[in-house]
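Before any comments, here is the structure.
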Amino acid sequence: MALMSTQILSQKEIARFRNRLKHTMSVEMLQNGYHRSFSEFLFLLNRDHSRRMEAPPNSLISLQTPLEEDMGKLEAMKLHLTQAEEAERTGSWSSVYQERLLLAQYFSAPEDLWLRLHFFLSCTDKEQGLHSRPSVEARVCLAEIYSQQGDLDQAREHAELCLLLSGSEDMLDSSGQPLRLRVCQVLWRIYSQLADSLQGTTNFSEVLKMLHRGYVMTAECEDKHLEAHAAYQLGLTHHAAGNYGEARKFLTISVRIYDMFMDSDGLGKTYKAMAKLLANEGNIEETIQCLEKLVDVSGRKGLEQNLADACMSLGNIYLTWNELDKAAEYFQQGYESACGAGDVSLLQRAQVSLACARGHSLIKKYAADVVSGTPAAIQRLLRWKKSQECGASWRSADD
């Protein structure tokens with residue numbers, strides 16, 4: 001039988017098996033002179049232990065693998081912390097922050113958010129290297145995290161500082177995306193969230209200030225779809241604030257961009273907003289033109305809800321003008337679209353409006369016959385009036 005060769009382990013390797021993993025790594029860091037790395041390493045292990053002790057029984061935190069038992073995480077921390085400390089000794093702050101940024105990105109799992117925040121924040125806690133790419137990227141990552149958590153003040157603070165620090169558009173993040181464009185996108189979302197948080201108040205000036213800042217960011221990040229949406233939001237808010245001229249300006253911008261991209265959904269909602277604005281201004285002719293465009297766009301793309309709304313609005317306009325046949329035509333189309341949309345409330349309104357238009361049309365027709373003196377017409381008008389008093393439908397009057 002062939003002899004099996006065996007490898008003799010060194011004392012250091014034997015100690016790895018005998019001692020707890022965290023103890024072994026701590027000793028190695030101290031032996032190699034990485035005292036600051038050891039201190040941070042121990043601090044994070046103790047913090048994880050405290051979190052677990054304070055967590056309720058059977059909670060997600062208590063069920064997670066303790067940090068001190070996760071070899072992959074411990075190895076990653078030891079590697080990048082010691083490399084960051086080595087870079088700090090030589091004054092290479094960009095390399096220091098790069099190592100910490102890599103650690104933050106390593107802890108990408110939801111349960112490791114506290115570690116991710118720790119390492120992102122550590123990229124921003126010293127003035128040295130403040131303008132370095134890793135430091136700027138860490139700030140925009142922090143802004144994204146705080147924005148998702150709803151901490152908009154913190155998010156805004158990091159994002160606005162990041163915009164100042166990003167400087168040249170040549171600075172790229174880890175994925176190769178221009179950092180300045182990414183910051184502008186984040187700021188747009190933050191300003192939009194801040195504006196949404198103020199909705200429902202009468203403080204339109206503050207809402208508009210946030211929306212205007214967001215609109216400027218969309219122009220800077222060269223995202224036309226974002227710009228169209230931001231212009232749409234501004235148009236709606238200016239309308240609500242009574243600034244009709246400004247509202248029309250931004251809604252027109254939104255229409256132009258959505259039309260350029262043939263975005264039917266965007267065009268539909270913007271034409272709808274524009275029609276309401278024009279109606280409030282008393283500009284009925286332009287309102288009709290706008291609603292007809294909405295009917296055209298919605299009909300081509302099967303946007304039943306928008307189509308029904310537009311047809312109902314046009315029907316009401318023609319009803320007030322006493323153009324009963326045209327009103328009934330649009331109410332009929334609105335009714336059919338409401339059936340397709342499955343909107344019960346809209347369907348009921350369409351039914352009532354259609355019956356009203358047809359009823360007025362019958363009255364007009366019978367009244368004309370009465371004026372001409374036709375006895376049969378007089379009898380039909382009386383029968384229709386009686387049927388209405390009895391609660392019958394308009395159809396029974398035409399039997």
Side-chain angles (χ1 to χ4, degrees), residues 21-48 51 67-68 70-109 111-147 151 154-183 186:
L21 194 59
K22 72 168 185 177
H23 175 73
T24 304
M25 291 187 177
S26 298
V27 169
E28 288 176 354
M29 282 187 276
L30 289 172
Q31 286 177 340
N32 292 307
Y34 296 114
H35 298 279
R36 295 184 65 176
S37 299
F38 162 74
S39 296
E40 189 170 356
F41 184 81
L42 194 60
F43 165 77
L44 291 172
L45 291 175
N46 288 336
R47 185 175 171 192
D48 179 66
R51 289 172 69 250
L67 184 57
E68 64 181 29
D70 194 316
M71 181 180 291
K73 292 177 181 179
L74 294 181
E75 290 283 5
M77 286 167 57
K78 178 194 167 194
L79 172 66
H80 292 292
L81 285 175
T82 55
Q83 288 183 348
E85 187 170 350
E86 189 67 41
E88 188 174 349
R89 290 170 183 171
T90 62
S92 179
W93 286 98
S94 180
S95 297
V96 172
Y97 290 151
Q98 179 62 27
E99 294 299 329
R100 292 184 167 277
L101 180 64
L102 288 171
L103 261 179
Q105 292 168 338
Y106 174 82
F107 291 107
S108 58
E111 64 269 19
D112 293 330
L113 177 60
W114 69 279
L115 284 164
R116 187 156 67 253
L117 280 170
H118 171 83
F119 289 112
F120 277 140
L121 285 166
S122 72
C123 292
T124 66
D125 63 355
K126 290 184 175 67
E127 290 192 11
Q128 299 98 322
L130 196 63
H131 294 266
S132 66
R133 183 202 62 77
S135 179
V136 175
E137 184 173 351
R139 282 194 184 277
V140 74
C141 292
L142 284 169
E144 289 169 338
I145 292 173
Y146 287 131
S147 173
D151 189 347
Q154 283 269 38
R156 179 180 173 183
E157 179 184 338
H158 282 288
E160 288 180 341
L161 181 55
C162 194
L163 187 66
L164 292 174
L165 297 173
S166 59
S168 170
E169 294 184 2
D170 297 332
M171 188 182 285
L172 305 179
D173 65 11
S174 301
S175 65
Q177 179 183 357
L179 260 172
R180 188 172 182 84
L181 300 189
R182 182 175 167 186
V183 175
V186 172

* To do: Please test Glu40 against Met77 for side-chain contact (heavy atoms from CB on, under 4.5 Å), starting from the C-alpha separation and ending with a verdict.
  => CA-CA 9 Å; Glu40 189 170 356; Met77 286 167 57; over 6 Å; no
* Derivation of the side-chain contact (heavy atoms from CB on, under 4.5 Å) call for Cys141 and Arg182 -> CA-CA 10 Å; Cys141 292; Arg182 182 175 167 186; 3.5 Å; yes
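Side-chain contact between Arg36 and Glu88 is present, with heavy atoms from C-beta onward closer than 4.5 Å. Contact annotation: the side chain of Leu117 never approaches that of Phe107 to less than 4.5 Å [non-hydrogen atoms, C-beta and beyond]. Side-chain contact between Val186 and Ser147 is absent, with no heavy atoms from C-beta onward closer than 4.5 Å. With contacts defined as side-chain heavy-atom distances shorter than 4.5 Å, the pair Leu74/Phe41 qualifies. Using a 4.5 Å heavy-atom threshold, the side chains of His158 and Phe120 count as separate. The shortest side-chain heavy-atom distance between Leu30 and His35 falls under the 4.5 Å cut-off. Residues Glu99 and Ser122 form no side-chain contact, since every pair of their non-hydrogen atoms from C-beta on lies 4.5 Å or further apart. Residues Val136 and Arg133 are not in side-chain contact: their nearest non-hydrogen atoms beyond the backbone lie 4.5 Å or more apart.
Without hydrogens or angle criteria, Ser94 side chain to Ser132 main chain gives no donor-acceptor distance under 3.5 Å. At least one donor-acceptor pair closer than 3.5 Å links the side chain of Thr82 to the backbone N or O of Lys78. In this structure, the side chain of Ser135 does not engage the main chain of Thr124 through any donor-acceptor pair within 3.5 Å.
Atoms CG and CG, on Leu103 and Leu79 in that order, are 8.0 Å from each other to the nearest 0.5 Å. One finds the NZ atom of Lys73 at 3.5 Å from the CG atom of Asp112 (value rounded to the nearest 0.5 Å). Glu137 contributes atom CD, which lies 10.0 Å from atom CE of Met171 (distance to the nearest 0.5 angstrom). Taking CZ of Arg116 as the reference point, atom CG of Leu142 lies at 10.5 Å (rounded to 0.5 Å).
Test Leu45, Leu44, Asp48, Asn46 against Glu68 for side chain to side chain contact (heavy atoms under 4.5 Å, CB included) and you get one pass: Leu45.
Side chains of Tyr34 and Glu28: a donor-acceptor N/O pair is absent below 3.5 angstrom, by distance only.
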